[in-house]
Amino acid sequence: MLELAYLRNHRADAETRLAKRPIDAKALLDKAAELDEVRRATQAELDAKQAEMNTMSRSIGELMKAGRRSEADHIRVQTAEFKEHLQEMRTRLDATEKALHDHLCTIPNAPSDKVPAGRTAEDNTVVMQEGAIPELGPDARPHWELGEEFDLLHMDLGVKITGAGFPVYSGQGARLQRALIAFFLDQATAAGYREIIPPHLVNADSAFATGQLPDKEGQMYHVAEDGLYLIPTAEVPITNLYRDEILDPAQLPVKMVGYTPCFRREAGSYGKDVRGLNRVHQFDKVEIVRIERPEDSYGVLEEMVEHVKGLLRSLELPYRLLLLCGGDMGFASAMTYDMEVYAAAQGRWLEVSSISNFETFQSNRLKLRYRGADKKPHLAHTLNGSALALARIMAALLENNQGPDGIVIPKALRPYTGFDRIHK
RNA sequence: GGAGAGGUGGCAGAGCGGUCGAAUGCGGCGGUCUUGAAAACCGCUUUACCCGCAAGGGUAACGGGGGUUCGAAUCCCUCCCUCUCCGCCA
């Protein structure tokens, strides 16, 4: 949620930045300004009236104590009308505040100046590309076939026990999955991130604070009986660790990493996008999360990108780095880089990481602040990125590394897998 | 799941209908003293919003929500959470 003070004091900047998204920025901001004005007027009115009421109550108390009962009763009679009026104003203020809050929830984050304009994924900027694209023979096979053939991955078993989009990993496939998780966690820990194992279900407050509610309600699995949501990413529980906190300057920066399974309903997806591991309802991911001072956050975003590049290089996967355009960015993000790896058998790029700076969009909802040099609380910047999303990494590894002698494991992973090749 | 106790400021812990954002202690910050430090003493020490250039003023918040009352941290209802005991259990 954008800060009200920002919208009020930097209206022009907000409109320019928001204009990069496919929304009617002016209309949204006009309405916010209007609601804000009504709210302030209503509150000023109510506060003044309440102050009068408080004075009267105090008088009654003093008179009662002094034993001047009839005088107290005289004032008490006057309060009846006041009370009704107060009630009405309170109701009006509550309604206005709710309307304003609800409206602010519909405004996406303002894209950073560096974000290119554009509507769709076609308009994203390819920042760089690295790694040789493997030349596979005509008999190259997609990962879902390799998975069955080598007894690594079984989509049909997932269908049997749960439903479509819930993969079952087995044997060396399961081991490879675990190796990747361990490798990613170790790399992050070595880079100074503190490891967290969070709950995999969160309450509505947490889902709201990081922006999943109300914006992506249908995207999460909901356990209605307990009012809980299965996490779509570790970002949600880990970032919420710092909800309602005012950090001491010495506590910054906060660097955390966590592995969790991620659950996504992906309602409405279909076709070749969802073959095999390309898009599933449950996948594993190692996520890095940071809490930073505003002046540091964009430097940190680049640092996080470098970290993920390092992982992809270690895995010897061809990848490219995309800077998302305004139209393709997530609702809560101010700037997002995506990383895609090339899955050679399918001949397509698969998104395996998304690294975003949310500026104060999340911290405003989280009420996550730090104490500045002026001793006052300021909203911190939050960032997070996949480092890395597992299912698609596995897909690319299987496809790209297939050969006559089985599937070759990248050197960096071998200490984790305990084998250097997957045989039949 | 059942029974009981309880949720107050950074922490500990009073207050149980009247001017209480809240005693006291600890911690933290500033000062006096000291060659320096400690101790002692003095002062300060929550957050959000509104009005104001500012100085300053106002409103709200004692787990969440609702109610009673002129007035609620204090009374009532409800939800959540913590602790103890019982049951169940990886």
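Naming: A, B, ... by sequence-line order, numbering from 1 per chain.
Every side-chain hydrogen bond (donor to acceptor under 3.5 Å, both in side chains) that Asp13(A) has, sequence neighbours left out, goes to Tyr6(A).
A perpendicular orientation is assigned to the rings of Phe331(A) and Phe361(A), their planes being inclined by more than 60° (bins at 30° and 60°). Relative orientation of the Phe208(A) and His101(A) rings is tilted, given thresholds of 30° and 60° on the angle between their planes.
One P atom belongs to rG17(B), the other to rC50(B), and the distance between them is 36 Å to the nearest Å. Taking the C1' atom of each, rC79(B) and rG15(B) are spaced 26 Å apart, rounded to whole Å. Annotation: rU45(B) and rC86(B) have their P atoms spaced 48 Å apart (nearest Å). Using atom C1' as the reference point in both rG27(B) and rC80(B), the two lie 30 Å apart (nearest Å). Rounded to the nearest Å, the gap between the C1' atom of rC75(B) and that of rA3(B) is 25 Å. The P atoms of rG52(B) and rU46(B) are separated by 25 Å, rounded to the nearest whole Å. rG28(B) and rG10(B) have their C1' atoms separated by 9 Å, with the value rounded to a whole Å. Atom name P, nucleotides rG57(B) and rU68(B): the rounded distance is 34 Å, in whole Å.
Between Thr79(A) and Asp94(A), the residue anchored nearer the 5' end of RNA chain B, judged by the nucleotide with its closest heavy atom, is Asp94(A). Taking the nucleotide of RNA chain B with the nearest heavy atom to each of Ala80(A) and Met64(A), the more 5' of the two is matched to Met64(A).
Gln78(A) comes within 4.0 angstrom of nothing in the nucleic acid, heavy atoms only. No engagement by Arg69(A) is indicated, since no non-hydrogen atom pair under 4.0 Å with the nucleic acid exists.
Note on residues 385-396 of chain A: no pairs pass side chain to side chain donor-acceptor pair (under 3.5 Å), not counting sequence neighbours. Applying the salt bridge (charged side-chain N to carboxylate O under 4.0 Å, His left out) definition to pairs two or more places apart or across chains, none involves residues 240-250 of chain A. Judged as a ring-ring contact (aromatic ring centres under 6.0 Å, His included), not a single pair has a partner in residues 22-59 of chain A (not counting sequence neighbours).
Relative to the ring axis of Tyr298(A), Lys114(A) places its NZ or CZ within 45° and under 6.0 Å from the centre.
With a cut-off of 3.5 Å on both pairing distances, the Watson-Crick or G-U wobble partner of rC70(B) is rG18(B). Of the nucleotides present, rA60(B) is the one that pairs with rU47(B) by Watson-Crick or G-U wobble criteria, both distances under 3.5 Å. Across all strands shown, rA3(B) forms a Watson-Crick or G-U wobble pair, both distances under 3.5 Å, with rU84(B). Of all nucleotides present, none satisfies the Watson-Crick or G-U wobble test against rA38(B) with each distance under 3.5 Å.
Contacts between chain A and RNA chain B, taken as any atom within less than 4.0 angstrom of a protein heavy atom, begin and end at rG18(B) to rG71(B).
A heavy-atom distance below 4.0 Å to RNA chain B is reached by these residues of residues 34-60 of chain A, ordered by number: Arg39(A), Arg40(A), Gln43(A), Ala44(A), Asp47(A), Gln50(A), Ala51(A), Met53(A), Asn54(A), Ser57(A), Arg58(A), Ile60(A).
Proximity of a side-chain donor or acceptor of Thr239(A) to a complementary backbone N or O of Val236(A) within less than 3.5 Å is not detected.
With hydrogens and angles left out, the side-chain atoms of Tyr193(A) and Arg290(A) include a donor and acceptor closer than 3.5 Å.
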